[in-house]
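Scroll down for the structure; my scribbles are underneath it.
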Amino acid sequence: MSEPLNPLQLRSLVPLNALSDQQWRELRPQLIPQPLLAGQLLFRRGDQARVTWYLLSGELLLRDAEGAETRLEAGSEASCHPISPTLPRLHEALALRDCSLLAIDSATLASQLTWSSTHLDLLLDLSPAGEGEWLETLLASPLLARVPPANVRSMLERLRRVELPAGSRVMGEGEEGDCCYFLQSGRAEVIRGEGSERQLLAELDVGACFGEEALLGDCPRNASVTLLEDSVLQQLDRADFLELLKAPVVDEVSLGEAARLLGGGGQWLDVRLQEEYERAHAPKALNMPLHLLRLKARLLDGEATYLCYCDSGKRSASAVFTLSQLGIRAYALRDGLDALPALQRDALISETGAGYLARSGGRVERSR
């Protein structure tokens, strides 16, 4: 079996190049190149499989419903983007030469992109306050992957700082789980059993989370945790933890409802990466990638209505949540561009190039 590709080999693929090293590790099982021999079909028109395909080597022939043909060659600018991403597929894809392809589950990729944008937003905002080093480790925690991206900032705001000396027993085996902890500084050990049955299960370093299993499973603590050094902990109570696992409700609209709001002065807001935006975007849409949205939101008109979109709907939902917290009226295009019929999607995403910029006072102008 081929070895999985590494981030360096995939740095030109959009939007994969926005993912973190931790996310690459999580995607590793899907990063194995797949062969397609000359003359074989990759997919037919109308294919509905939720798979994002990239061409790594070789050449494909893409044929649409009208019979128009396009050659896609590995290494070209077009091959840096997903192959015929609209569902159902608008093209038949045939290998003209032996090819190597990458296939990634589209839902997984959408979730990872949303999380990546949230990760960058928090680091940009909080790193100057001295939170960067431990926060970056914390954000890579498997526990944080369970928290909807829009809730991560709220979770950090609810943490309660606790300073304890070395030797302190933070929690005991068999106790009720009423909170979990994040280790901001110091070290700790995880022990199960007493006396001759005592087992050292793990040593915990900065960024580690512990105590969450009792909250997730609604069961007693399965081990004890004792501090090895003077430490700073961040405590999250059970009620807050369980509440923040639930995705927030955001305002969504259909394409028809969006058109009505646009007629009343609404503005499209594309929250995808700049490379995705420049490839194709809605007419006069502003581009504010999700990870920069909080920084750039001051340029938006506080009295206007913004209609956010992305491919899957996940990034736009997070964008609407962020804007609503800032007092800006916004709606997400329900389920994103991928949920639109092909004709509607093509009609909406019809402009290419650098597009439009927001200026102070909410003015919008065409970029050069």
Whether [Y] and [X] form a salt bridge (side-chain N of Lys/Arg under 4.0 Å from carboxylate O of Asp/Glu) is what I want to check.
X: R71; Y: E73; result: no
X: R45; Y: E66; result: no
X: E92; Y: R63; result: yes

Straight-line distance of [X] [atom1] to [Y] [atom2], nearest 0.5 Å:
X: D335; Y: D311; atom1: CG; atom2: CG; result: 12.5 Å
X: S76; Y: L55; atom1: OG; atom2: CG; result: 7.5 Å
X: D251; Y: S324; atom1: CG; atom2: OG; result: 8.0 Å
X: L242; Y: L216; atom1: CG; atom2: CG; result: 8.0 Å
X: L293; Y: I328; atom1: CG; atom2: CD1; result: 7.5 Å
X: E203; Y: I191; atom1: CD; atom2: CD1; result: 8.5 Å

Got [X] and [Y] here, is their nearest side-chain heavy-atom distance under 4.5 Å?
X: L159; Y: Q235; answer: no
X: L102; Y: L10; answer: yes
X: R153; Y: R294; answer: yes
X: Y54; Y: H81; answer: no
X: D237; Y: D240; answer: yes
X: L156; Y: L138; answer: yes
X: R329; Y: E303; answer: no
X: V190; Y: L200; answer: no

Grouping I, L, V, M, F, W and Y whenever their side-chain heavy atoms are under 4.5 Å apart, do [X] and [Y] come out in a common cluster?
X: V206; Y: V232; result: no
X: V271; Y: L273; result: no
X: L340; Y: L307; result: yes
X: L201; Y: Y181; result: yes
X: L244; Y: L139; result: yes

(message) Quick one about S231 and S185 (side-chain donor to acceptor, distance below 3.5 Å, no hydrogens or angles considered), yes or no?
(response)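 Short answer, no.
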(message) Hydrogens and angles aside, do E257 and S254 bring a side-chain donor and acceptor to less than 3.5 Å of each other?
(response)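 There is such a pair between these side chains.
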(request) Give the C-alpha distance, both sets of side-chain angles, the deciding distance and a yes or no for side-chain contact (heavy atoms from CB on, under 4.5 Å) between L337 and L348. (result) CA-CA 9 Å; L337 300 172; L348 174 59; 3.7 Å; yes
If you compare all heavy atoms of [X] against all heavy atoms of [Y], which two are closest, and at what distance to 0.1 Å?
X: R97; Y: C99; answer: O-SG, 3.0 Å
X: L227; Y: A188; answer: CD2-CB, 3.9 Å
X: A330; Y: C308; answer: CB-SG, 4.4 Å
X: N151; Y: P248; answer: OD1-CD, 3.4 Å
X: L215; Y: G177; answer: CD2-O, 3.2 Å
X: A110; Y: T114; answer: O-OG1, 2.9 Å

Donor-acceptor contact below 3.5 Å, side chain [X] vs main chain [Y]:
X: D98; Y: A38; result: yes
X: D64; Y: E69; result: no
X: S168; Y: P165; result: yes
X: R158; Y: L236; result: no
X: S20; Y: Q23; result: yes
X: D105; Y: T108; result: yes
X: Y306; Y: D301; result: yes
X: E252; Y: A317; result: no
X: S116; Y: A18; result: yes
X: Q30; Y: L27; result: no

(request) For side-chain contact (heavy atoms from CB on, under 4.5 Å), just list the numbers for L62 and I83, CA-CA rounded to whole Å, side-chain angles, deciding distance to a tenth of an Å, and then say yes or no. (result) CA-CA 9 Å; L62 304 179; I83 303 166; 4.0 Å; yes
(request) Quick one: do R279 and E351 satisfy salt bridge (charged side-chain N to carboxylate O under 4.0 Å, His left out)? Show the steps, please. (result) CA-CA 8 Å; R279 186 167 174 80; E351 286 193 351; over 6 Å; no
(message) The test is salt bridge (charged side-chain N to carboxylate O under 4.0 Å, His left out); show your working for E173 and R221 and say whether it passes.
(response) CA-CA 5 Å; E173 184 176 354; R221 306 287 195 194; over 6 Å; no
(message) Determine whether D218 and R238 satisfy the following criterion, salt bridge (charged side-chain N to carboxylate O under 4.0 Å, His left out), listing intermediate values before the conclusion.
(response) CA-CA 10 Å; D218 192 20; R238 176 189 176 89; 3.0 Å; yes
(request) Classify the angle between the aromatic ring planes of H281 and Y277 as parallel (below 30°), tilted (30 to 60°) or perpendicular (above 60°). (result)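 The rings of H281 and Y277 lie parallel, inter-plane angle below 30°.
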(message) Is there a salt bridge (charged side-chain N to carboxylate O under 4.0 Å, His left out) between R315 and E276? Walk through the geometry before answering.
(response) CA-CA 13 Å; R315 283 181 280 178; E276 296 175 280; 3.0 Å; yes
(message) Among Y356, Y309, Y331, exactly one meets ring-ring contact (aromatic ring centres under 6.0 Å, His included) together with W268. Which residue is that?
(response)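 Only one option passes, and that is Y309.
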(message) Could you check whether atom CG of L343 has more than 12 heavy atoms from other residues, nucleotides or ligands sitting under 6.0 Å from it?
(response)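 Open: at most 12 neighbouring heavy atoms sit under 6.0 Å from CG of L343.
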(message) Atom CD of residue position Q34 - does it have more than 12 heavy atoms of other residues, nucleotides or ligands inside 6.0 Å?
(response)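 Enclosed: over 12 neighbouring heavy atoms sit under 6.0 Å from CD of Q34.
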(message) What verdict does the side chain to side chain donor-acceptor pair (under 3.5 Å) test give for S84 and H91, after you've listed the backbone C-alpha separation in whole Å, the side-chain angles of each residue and the deciding distance to 0.1 Å?
(response) CA-CA 7 Å; S84 190; H91 303 87; 3.0 Å; yes
(request) Please lay out, stage by stage, how N287 and Q274 fare under the test side chain to side chain donor-acceptor pair (under 3.5 Å). (result) CA-CA 7 Å; N287 179 219; Q274 182 179 344; over 6 Å; no
(message) Would F182 and F210 count as a side-chain contact (heavy atoms from CB on, under 4.5 Å) here? Give the steps.
(response) CA-CA 7 Å; F182 301 94; F210 57 94; over 6 Å; no
(message) Show, in sequence, the C-alpha distance, side-chain angles and deciding distance for D338 and L87, and conclude whether the side-chain contact (heavy atoms from CB on, under 4.5 Å) test is met.
(response) CA-CA 6 Å; D338 291 345; L87 296 181; 5.9 Å; no
